Amino acid sequence: MSIPIAIVDCNNFYASCERVFNPKLNGKPIVVLSNNDGMIIARSDEAKALGIPMGEPLFKIKDIAEKNGVHIFSSNYSLYGDMSHRVMTILEQFSPDVEIYSIDEAFLNLDGFQRLDLTEYCRKIRKIVKQWTGIPVSVGVAETKTLAKLANRLAKKDKTNNGVLNLIDRPDIDSFLKRVAVEDVWGVGRQYTKLLNLHNIFTAYDLKNAKDKWIREKMTVMGLRTVFELRGIPCVNFDYTPSPKKAIISSRSFGRSVKEKNEIKEAISFFVTRAAEKMRHQKSAATLLTVFLRTNPFKNTPQYHNGCLVKLSVPTDSTAELIHFAMKGVEQIYRAGFLYYKVGVMLAGLIPYNRAQLPLFDTENRLKMDKITEMMDLINIEMGTGTIFYAATGISRGWKTRAERRTPNYTTDWENLPEIKDFYEAMEE
DNA sequence: TCTGGGGTCCTAGGACCC
DNA sequence: TCTGGGGTCCTAGGACCC
């Protein structure tokens, strides 16, 4: 007997988070912007209905937004992260095996729940999450992850489903597959869509019936896996305990273009600090460090982009040491005269810290360095990120990303607790 | 004025080994 | 005259995800 898999997906997650704490926004169009207030990364249903596309730069929709009173927000990841955590905690009450797949999605293994009416069960999940967090979710249920994602999509699209679609034991499953375009299948992106369309494969149903050999040749085993999943054969396993990351990236575009090497260095030091913190959090050490910088590819100015990979002879998790090597990298690739718009750092070749090989003859006093790092982490956790930092990251932070329309951290900062009177006012309207 | 950030996996090809 | 076969590891690049 097959195992039912559910995927719970928050509707328009970022937009919904903003709405929870500002009930006046109910029924109003909302969009949320990417970092640096660059483009649209989330839209409420009302904003979608206005024809505002995903990924559109803000300046291109300014007119529509003004005309229709669209509410525009900078993204507020502290808020979204906390809301996500609340939703996931609730989901864990509905299945012992929950895989948190992204900030707004989770797979639930419903093995053992087969005797229940799964559609009813998922309606209950939906109701409780909405009641306890204010976030609306949709649920798709099927025998494979790919089919569950597809069911979820249809649940969201067709309002008659009430946010839940269960495809288990549906003899008419093909009629659902025919309603989903191939580019909307999980695992099929832009490039493969082009290729598939060229070969007259337009729907999930067409893809399900494609020839194995051809798919394997053109789309590798990943594509074949997708096809099998559409046929109801599970190929994508559950992953309950997130394994440590194999690479950690920290990068950002600047709020303005930056010319000076010193500013670039400060920004890179700042990103090294953040990446190293993340790395220590998962108890890894890096053997490779890459720094990169680039000019704005959307501008008609001289272009330059370059990266520099530093192999670290001794694996390290020390911010100070990583900054040291990163600065050497910057010296190598920085060219004067360009207007830089984005820089970043990647830590890779990560290994568990406790397995890190110490060299026989080492010039650094590692024990001492570990103590300093440990203490800095402690202070920053206790008293807030950025309380104590290396001078290399600078204090002016003139390169800082724009976020001009950010809402308060309602749930993670005592100073920003929402006030009940706002809710009353909204109810009276 | 103005276009995100952070990940994963697979494959081909080169270097190197015996 | 003439120069193997099989394996591993690493990297870059390309696809995908949210």
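Convention: sequence-line order gives letters A, B, ...; per-chain numbering from 1. Just so you know, these numbers come straight off a predicted model, no measurement behind them.
Near-neighbour residues of DNA chain C inside residues 177-212 of chain A, defined by a heavy atom below 4.0 Å, number-ordered: Val185(A), Trp186(A), Gly187(A), Val188(A), Gly189(A), Arg190(A), Gln191(A), Tyr192(A).
Centroid-to-centroid, the aromatic rings of Tyr14(A) and Tyr77(A) come within less than 6.0 Å.
Rounding to whole angstrom units, CZ of residue Arg294(A) and P of dG4(B) are separated by 10 Å. Atoms CZ (Phe254(A)) and C1' (dC2(B)) sit 17 Å apart, rounded to a whole Å. As rounded to whole Å, 13 Å separates atom P of dT3(B) from atom CD1 of Ile40(A). As rounded to whole Å, 14 Å separates atom C1' of dT8(B) from atom CG of Leu350(A). Summarising the geometry, the separation between NZ on Lys342(A) and C1' on dC2(B) is reported as 16 Å, rounded to the nearest angstrom. A straight line from CE of Met346(A) to C1' of dA12(C) spans 11 Å, rounded to a whole angstrom. One interatomic measurement links the two molecules: CZ of Phe13(A) to C1' of dC18(C), which rounds to 12 Å at whole-angstrom precision. In this structure, Arg256(A) places its CZ atom 19 Å from C1' of dT3(B), rounding to the nearest Å.
At a threshold of 4.0 Å, the pair Lys157(A)-Asp184(A) does not count as salt-bridged, since none of the basic side-chain nitrogens sits closer than that to a carboxylate oxygen. A salt bridge is absent between Glu374(A) and Arg280(A); no separation between the charged side-chain nitrogens and carboxylate oxygens falls under 4.0 Å. Under the 4.0 Å criterion applied to side-chain N and carboxylate O atoms, Glu99(A) and Lys145(A) are assigned as salt-bridge partners. A salt bridge links Arg19(A) to Glu46(A): at least one charged side-chain nitrogen sits closer than 4.0 Å to a carboxylate oxygen. Salt-bridge annotation for Glu263(A) and Arg256(A): present, with a side-chain N of the basic residue lying under 4.0 Å from a carboxylate O of the acidic one.
OP1 or OP2 of dG6(B) lies within a sub-4.0 Å distance of a side-chain N or O belonging to Ser251(A). Taking only side-chain nitrogens and oxygens, Lys149(A) comes nearer than 4.0 Å to OP1 or OP2 of dC18(C). Dashed line: the shortest gap from a side-chain N or O of Ser250(A) to OP1 or OP2 of dG5(B) is not under 4.0 Å. Taking side-chain N and O atoms only, Lys246(A) has a distance below 4.0 Å to OP1 or OP2 of dC9(B). Here Tyr101(A) does not reach the OP1 or OP2 of dT8(B): none of its side-chain N or O atoms lies under 4.0 Å away.
Of the N and O atoms on the side chains of Asp104(A) and Ser102(A), at least one donor lies less than 3.5 Å from an acceptor on the other residue. Ser74(A) and Asp37(A) form a side-chain donor-acceptor contact under 3.5 Å, judged by distance and modelled atom types alone.
Here the side chain of Lys60(A) is nearest to one of dT3(B), dC18(C), dT8(B), namely dT3(B). Nearest nucleotide to the side chain of Asn35(A), out of dG4(B), dC18(C), dG7(B): dG4(B). Out of dC2(B), dG6(B), dG4(B), the shortest distance to the side chain of Lys299(A) is found at dC2(B).
When heavy atoms are screened at a 4.0 angstrom cut-off, Ile248(A) is found touching the sugar-phosphate backbone but no base atom. Contact annotation for Asp37(A): no contact, since no heavy-atom pair falls under 4.0 Å across all strands.
Inter-residue side-chain proximity for Gln93(A) and Ile128(A) is flagged as unmet; no heavy-atom pair is nearer than 4.5 Å. The shortest distance between side-chain heavy atoms of Met327(A) and Ile268(A) falls below 4.5 Å.
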Which nucleotides of DNA chain C pair, in dot-bracket form (Watson-Crick or G-U under 3.5 Å, | meaning another strand):
....||||||||||||||

